[in-house]
Amino acid sequence: MSATYEEKSFYTVSDLCNILPIGRNGVYKLVNKEDFPKVVVGRRIIVPAAKFWSFIEENLERPIILE
């Protein structure tokens with residue numbers, strides 16, 4: 001049985017694609033931002049769930065530029 005997003009401690013890029021209303025390229029641009037909370041293990045990017053939601057809360061009022 002798979003854990004729901006609320007139960008997960010870490011998210012993958014695929015998880016973020018399902019959570020956020022942006023495409024895969026946009027998710028990669030987001031996770032590659034310097035201030036985005038992530039752990040890089042080899043070529044794999046994992047995102048601590050609590051830090052992800054804190055990042056979203058902190059940035060609700062300002063646009064996040066994806067370049």
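Computed from a predicted model, the values in this text were never measured in an experiment.
- The minimum heavy-atom distance between Pro37 and Pro48, with the atom names listed, is O-CD, 4.0 Å.
- The two atoms that bring Lys38 and Ile45 nearest to each other are CB-CG2, 4.1 Å, heavy atoms only.
- Both Val13 and Ile56 sit in one connected hydrophobic cluster of ILVMFWY residues. Membership requires side-chain heavy atoms under 4.5 Å apart, directly or through other members.
- Both Val31 and Trp53 belong to a single network of hydrophobic side chains, linked directly or stepwise wherever heavy atoms of I, L, V, M, F, W or Y lie under 4.5 Å apart.
- Cluster annotation: Leu60 is connected to Phe36 through the hydrophobic network of ILVMFWY side chains, with a link wherever side-chain heavy atoms come within less than 4.5 Å.
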Result block: side-chain N/O donor-acceptor pairs under 3.5 angstrom for residues 15-22, not counting sequence neighbours:
residue	atom	partner	partner atom	Å
Asp15	OD1	Lys8	NZ	3.1
Asp15	OD2	Lys8	NZ	3.0
Asp15	OD2	Thr12	N	3.0
Asp15	OD2	Thr12	OG1	3.3
Asn18	ND2	Tyr5	OH	3.2
Asn18	ND2	Ser14	O	3.3

Verify side chain to side chain contact (heavy atoms under 4.5 Å, CB included) between Phe10 and Phe52, making sure each step is shown before the conclusion. CA-CA 9 Å; Phe10 293 91; Phe52 168 73; over 6 Å; no
